[in-house]
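Please read the structure below before turning to the comments.
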Amino acid sequence: MIPKYSASETESKWQRKWAADGIYHVREDESRPKWYELTMFPYTSGDLHIGHWYAMAPADAHARFKRMQGYNVLHPMGFDAFGLPAENAAISRGIHPYTWTMQNIANMRRQLERMGGCYDWNREIITCLPEYYRWTQWLFLKFYHAGLAYRDKAPVNWCPNCQTVLANEQVISEGRCERCNATVTRRAIEQWFLRITRYAEELLDSSRIEWPERINVMQRNWIGRSEGVEISFELDHPGVETKELRVFTTRPDTIFGVTFAVLAPEHPLVERLTTPDHRAEVEEYVASTQHRTEIDRLSTETEKTGVFTGAYVTNRVNGERVPLWIADYVLPSYGTGAVMAVPAHDSRDFDFARKYDLPIKVVIAPPGWQGEELQEAYVDPGTMVNSAQFDGMPSKEAWHAIADFIESNDYGTRTVSYRLRDWLISRQRYWGAPIPIVYCDQCGTVPVPEKDLPVLLPPDAEFRPTGESPLKYCDAFVNTSCPRCHGPGRRETDTMDTFICSSWYFLRYASPHYDQGPFDPQKVKYWLPVDQYTGGAEHAVMHLLYARFFVKAMRDLGLIDFDEPFTRLFNQGVIIAQRQKMSKSRGNVINPDEYVAEMGADVVRAYLMFIGPWDQGGEWDDSGIHGVKRWFNRVWHLVLQGQEINWPKQADSQEVDKELRHMTHRTIKKVTGDLERFHFNTMLAALMEFTNYLSNVASEKSASASAWREAVEALLLLLAPTAPHMSEELWSRIGNTYSIHQQPFPAWDETLAAEERITLVVQVNGKVRDKVAVPASITEAEAKEVALSQTKVKSYLEGREVLKLIYVPQKLVNVVAR
RNA sequence: GCCGAAGUGGCGGAAUAGGUAGACGCGACAGUCUCAAAAACUGUUGGGGGGCGACUCCCGUGUCGGUUCGAUCCCGACCUUCGGCACCA
């Protein structure tokens, strides 16, 4: 009688033993190749839902596979623990964010242990603990000293009623404060930035990383490199000393078509250039744009608006005097905050010119253009017209000719602009790493000395639900002495964006308890860079870009000696529920715990890998999970049943063993290839097929004992990365030595894996008409002969002339006939 | 609007290199077991037509074209869905 499989008993038994034996404990080992396989660590927002498992279980299987292949695998786990949700929970539940976060971590760790991950828990890191954020602060200081961190004024959402800064998500429709419904304005306040733009050019280069191309494309688009020319327009305004207005354009070929110029409302020249008769209108407009949020203002849906300043600038290339407007479609933070408007060849300028009745001057003739009025901006290449000496030139050539002309006359210079902005890292929040800066009336901005780190987050700060930095009201924190002059000083009360914590955590795993620096350089040298990173694509232009920036900056600081954090990247898809992404706020989270309790972690792991290609994700639907459960029961039954069969020493016939060994080695080959490329669904399909085949072998009972043994051991070893518990249990029940997870992954014999007989497909004019089993060694001439001799084929060829035969080795013969 | 990915049975999906479309699983149907049900096991299962039958023919991978001996795969146009960006001059 074969005992029933008890998943819950077996799983907890092995989990305890693995933990007690420390089989997943990782050490540096120069004798083996290292493999650093990292899954993006989870945010500590509560329970792990099925989406987390979808990210972690297949990644764990892949890491286990690499272990079995002989790599020294670092596959660590930790928690991204600072941030807004914890603080919001603290406010709404009256519980401290630390308590709430640590409770969540305890629960998530328990869930991950139940998943059966091969994590080395000795290396766990938690970003909100001082032993971690001490080094986040240390890195900030390194950046500060290198000129990569600076303070500047930046516009933020400001609620005049609450007297506080609001995050973008706190601004509700029509630009109102979510709390008091007052109209939010934009206000410039001092904020800390990291100079990521210094690395814009290097970040564009994806040649050293093997990442999905769509992620590279998203990063390139985000960085948004544009080649153009910064051009000076002549300015002669009474009482204004500045004699030029600089604009940036990517279309110098259109410069003869400029009919007006536009400043961003925030441009510093606006106030000085506005003439008295336009002042009232301009001031009103500037004020109205401040009422609009960035999001609202940037929307292409809203109609363009603007006002005339009363001032004029002169286009140096043709001496034309054009009016100067202000409009909020011009952004202060891109280029020079001013544009030359060419309505004929730019759709935004075109719309604006139409609305305010400004002239539209064609300087690039569309094909077949007869001088008629344009119905829309013509933005494509064409022939130059109305452009003096450049007339008749193709516009693409004129681009360079005019750029040269501008440069040689000192009207401007070629430049490159990026869409990427510096990274604003200040958060008016409590639950984050304090920025280690002290303000002193005598010495100004003073960095906290390294030896005084960490700047501890005071546990007893009172948070007010205002959105304003709570640390501001914590006197014990704010009041300090200046590290330089020892006079009274005030601490910076903003905290760092949590994306800073996750920009270097992968380095900390190499030496998580090191206390002489953020990491032990020797350990980092051994483990880094990450060989395989896995996680969601939603981090394409945030975390993944920031981490690349950090590594490049740290390299230039001499801290590390590699260029990219993550050599390979794989993005798993998203599991959705009720057509929406799973999240607590949507109330559609699926908790894996009940599935684990009912069917076991192995089944849940395998099911998540089986539902489809890992990079596709999909709607959560548990209707197929019983299929996996059934398969596991069949494997269990099959392996134990096989133990009770008295297998013959010699197979009944050589053919039986030959086929069994062929199927075994073919499966090993297929599974190895699929695991390598994260094709978990087809890997499991192959293992199911193998199981079905072995069931037949077990009922025939005619294979030899050794061939059966080989097949069953292969099945368990191939299954071990996916189902670590059941495979371990069966491994021990068939009398093998502990642990299956310390066994080498099976290797296949190419001769045995190769097909001996193939199905030769015979087509007539491309349609399948017959299939013939032939030896794989068949020659081209033989195959053609076999094809033509089939009676079915002959009947199709009756009365036709055979024109030619197409032969695809090992596959088919196509008879082309007329 | 721009950039990117994807459309295959009732469902999730397979087809690694332009060469057997629908592997594997779910569901459904029929059967075995059972007093019965569940579970388990066995068989059938893309659509349509013909044959008592072993079988056989036609259609079929979002739509319409094209290239090719041959297209789920390559090319062009279009439709739909999803993801990203969204006045970046």
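The sequence lines fix the lettering, A, B, ..., with proteins before strands; numbering per chain opens at 1.
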Please tell me which of the listed nucleotides, [options], lies nearest to the side chain of [X]?
X: A:Pro613; options: B:A14, B:A89, B:A23; result: B:A14
X: A:Ile806; options: B:G19, B:C24, B:U20; result: B:G19
X: A:Thr250; options: B:A21, B:C41, B:A89; result: B:A89
X: A:Asn681; options: B:A89, B:G13, B:C24; result: B:G13
X: A:Val761; options: B:U20, B:G12, B:G19; result: B:U20
X: A:Val339; options: B:G13, B:A89, B:G19; result: B:A89
X: A:Thr682; options: B:A14, B:U20, B:C24; result: B:A14

I want to know whether [X] and [Y] have ring centres closer than 6.0 Å.
X: A:Tyr607; Y: A:Trp620; value: yes
X: A:Phe499; Y: A:Trp423; value: no
X: A:Phe260; Y: A:Phe352; value: yes

Tell me which of A:Gly335 and A:Lys767 sits closer to the 5' end of RNA chain B, going by the nucleotide each one is nearest to.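 Between the two, 5'-proximity favours A:Lys767.
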Closest-nucleotide ordering on RNA chain B, the 5'-leading residue of A:Val628 and A:Leu420: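 Comparing both residues, the 5'-ward one is A:Val628.
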Which salt bridge (Lys or Arg N to Asp or Glu O under 4.0 Å) pairs, counting each pair once, include a residue from residues 798-810 of chain A, with sequence neighbours left out?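 Checked against salt bridge (Lys or Arg N to Asp or Glu O under 4.0 Å) - neighbours excluded - the pairs reaching residues 798-810 of chain A are A:Glu801-A:Arg818.
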What's [X] touching, base or sugar-phosphate or nothing? Going by heavy atoms closer than 4.0 Å.
X: A:Val768; result: sugar-phosphate
X: A:Asp351; result: nothing
X: A:Arg769; result: sugar-phosphate

Using a cut-off of under 3.5 Å, enumerate the N/O to N/O pairs linking the protein to nucleotides 4-10 of chain B.
none

So, is [X] near the phosphate of [N], with a side-chain N or O under 4.0 Å from OP1 or OP2?
X: A:Asn221; N: B:C2; answer: no
X: A:Arg630; N: B:C26; answer: yes
X: A:Arg419; N: B:A86; answer: yes
X: A:Ser226; N: B:A89; answer: yes

Closest heavy-atom contact between A:Leu374 and A:Phe350?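 Where A:Leu374 meets A:Phe350 most closely, the heavy atoms are O-CZ, 3.7 Å.
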Just to be sure I understand the geometry, which residues of residues 788-798 of chain A put a non-hydrogen atom under 4.0 Å away from RNA chain B?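 Listed by number, they are A:Lys792, A:Tyr796.
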Which residues within residues 810-818 of chain A lie with some heavy atom under 4.0 Å of an atom in RNA chain B?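 A:Lys811, A:Leu812, A:Asn814, A:Val816, in order of number.
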Applying side-chain contact (heavy atoms from CB on, under 4.5 Å), name anything that partners A:Val603, two or more places apart in sequence or on another chain.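 Only A:Met599, A:Ile625, A:Val628, A:Lys629, A:Phe632 meet the side-chain contact (heavy atoms from CB on, under 4.5 Å) criterion with A:Val603.
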In terms of heavy-atom contacts, does CD of A:Glu201 have more than 12 from other residues, nucleotides or ligands at under 6.0 Å?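 Count over threshold, so yes.
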N/O to N/O distances under 3.5 Å, protein versus nucleotides 66-68 of chain B:
none

Using the C1' atom in both, what is the distance from B:A23 to B:C41, to the nearest Å?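 Result for the C1' pair: 22 Å, nearest Å.
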